Amino acid sequence: MDSRLDTHRNRRRGVCTWGPAWGIRSVWASASMLLACAALLLAGCGNASRPANASAPLPKIPHARALVWQDAQTPVSLVLQTPWPFQPPTLAVAPSNGNVAYECYAPASATSQSGQVWVTRDRAAHWTRAADLPTGGEVDSCTITVNDLTPTTAVAMTFRDARDGCFACAHGTRSYFLTTDGGATWTPQSGSVFPIGQFATARGVTYALNTPPLADAQPWQSTLLVSRDGMRTWSPIDQPIHASSGHAVMRFWLSPATGELLAYASNSAAFEEQVWLSRDGGGQWSQLQGAIGQEYIVRIPDAGQPWYICGMRDGMDSTHPVGPNMLTCSYDSGKTWHGAGGPGGGPYGVQNGVFAFADDGSVLQTMPLSTTPTLGATTPSQVGRLIPRGTTWEPLGPAPTYGPILYASGVLWMTPQYAGGDPHGTISTASYT
């Protein structure tokens with residue numbers, strides 16, 4: 001069919017469409033019509049600009065290549081760390097720069113300043129002693145939370161146990177310190193915003209998730225806060241989520257390009273999970289329908305791009321007896337969801353399976369090498385990926401040891417402080433390309 005650009009019906013509304021054949025017309029008339037439509041196109045014909053967060057074409061992913069792991073050491077031996085119950089990992093990798101990490105060290109017996117901090121900027125190949133935390137005395141543990149978007153900004157928390165015989169009660173003294181210069185200086189902090197479980201800064205605005213100690217929660221009491229004056233004063237911005245469903249925010253993601261916020265919320269009493277999106281920095285929230293998961297991974301979008309979101313549900317979880325592991329993903333900011341099938345959560349739960357979105361939009365996961373894993377055993381595993389809307393997991397080679405993997409801005413980290421590794425402090429890192 002000799003279809004041509006039909007402009008006369010759409011000239012008023014500024015739309016160029018392909019219409020039926022016009023029959024015999026002069027070459028001059030056809031050329032005039034084509035030039036007219038070209039002018040309309042140059043003038044913004046059809047209002048064709050893509051609205052923010054509209055569905056964008058999925059990226060073309062290069063063929064998978066095996067990861068090359070490199071070993072390094074922690075700055076101090078983990079054997080010297082005081083083994084207080086429930087002590088979280090003391091190594092903190094900067095989410096926005098996978099080369100940067102902090103190590104917080106509380107000696108078993110302090111003869112001077114307690115709460116040592118070390119910093120690496122080359123994936124643990126070299127470590128620099130940063131300023132000690134001004135604790136004023138001995139502490140039993142210390143942890144660091146790095147700003148999601150600013151690697152030189154971090155909060156350190158130290159804990160001194162009350163020695164009341166109740167290790168699970170978490171009774172004791174907690175102190176907080178802020179650095180904005182990569183650990184060169186630490187400033188004591190106080191106020192209702194602490195402890196901070198997560199925080200991110202963009203455009204001069206800081207968002208933080210206040211997470212009370214688990215022993216004090218009745219149940220989840222986390223609160224999402226915002227500060228517009230350099231972390232001096234704070235205001236809650238998650239009231240609509242609490243008021244709508246009684247949920248508490250468990251994790252959030254901030255887009256520095258758009259200022260949008262995505263939040264994962266849970267109702268621990270009913271074990272119901274939700275995903276919420278705010279396009280104005282927490283002023284208004286809308287719940288994303290169709291999200292299914294106990295935990296979520298998110299790829300933060302650039303300007304004009306949609307959010308990538310995957311929800312994971314573990315078939316072994318007694319609160320959601322849904323059978324096989326499930327992985328459900330959206331590549332258009334939660335408008336539509338696609339079942340990605342298994343394994344989706346690994347053999348022992350989501351924490352040992354899907355762990356991140358890579359920068360190219362692929363889902364990353366640890367997968368067992370054995371087809372008959374034994375529950376609780378340190379089964380060898382490999383890293384796999386699933387490209388956007390893919391159906392087959394591609395292997396990226398074996399993992400160097402057993403345990404979860406952390407992904408930060410193109411770099412994968414495995415550290416013995418998480419689970420089952422070398423207690424003397426071997427760290428393994430690899431670049432994802």
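Only a predicted model underlies this, so the values are computations on that prediction, with no experimental measurement involved. Only this structure's heavy atoms are used, side chains among them; waters, hydrogens and symmetry mates stay out.
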Less than 4.5 Å apart, any side-chain heavy atom of [X] and any of [Y]?
| X | Y | answer |
| --- | --- | --- |
| L262 | V275 | yes |
| P398 | W69 | no |
| I61 | R385 | yes |
| V363 | W393 | yes |
| V298 | Y308 | no |
| T179 | T153 | no |
| Y331 | P306 | no |
| F199 | V146 | no |

Under the side chain to side chain donor-acceptor pair (under 3.5 Å) test, which residues partner T128, sequence neighbours left out?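 Result, side chain to side chain donor-acceptor pair (under 3.5 Å) vs T128: none returned.
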Any residue meeting side chain to side chain donor-acceptor pair (under 3.5 Å) with T201, in chain and number order, not counting sequence neighbours: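 With sequence neighbours excluded, T201 shows a side chain to side chain donor-acceptor pair (under 3.5 Å) to N147, T206, given in chain and number order.
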Partners of Q284 by side chain to side chain contact (heavy atoms under 4.5 Å, CB included), sequence neighbours excluded?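 Q284 satisfies side chain to side chain contact (heavy atoms under 4.5 Å, CB included) with D280 only.
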When you check the gap from the basic side-chain N to the acidic O, do D360 and R299 get nearer than 4.0 Å?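 Here D360 does not pair with R299 in a salt bridge, since their nearest N and O are not under 4.0 Å apart.
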Is it the case that the side chain of [X] and the backbone of [Y] share a donor-acceptor pair, with hydrogens and angles ignored and the cut-off at 3.5 Å?
| X | Y | result |
| --- | --- | --- |
| S428 | M414 | no |
| Q198 | F252 | yes |
| W276 | V249 | no |
| N210 | I196 | no |

Partners passing ring-ring contact (aromatic ring centres under 6.0 Å, His included) against [X] (at least two apart in sequence or in another chain):
| X | result |
| --- | --- |
| F177 | none |
| Y432 | none |
| Y264 | Y296 |

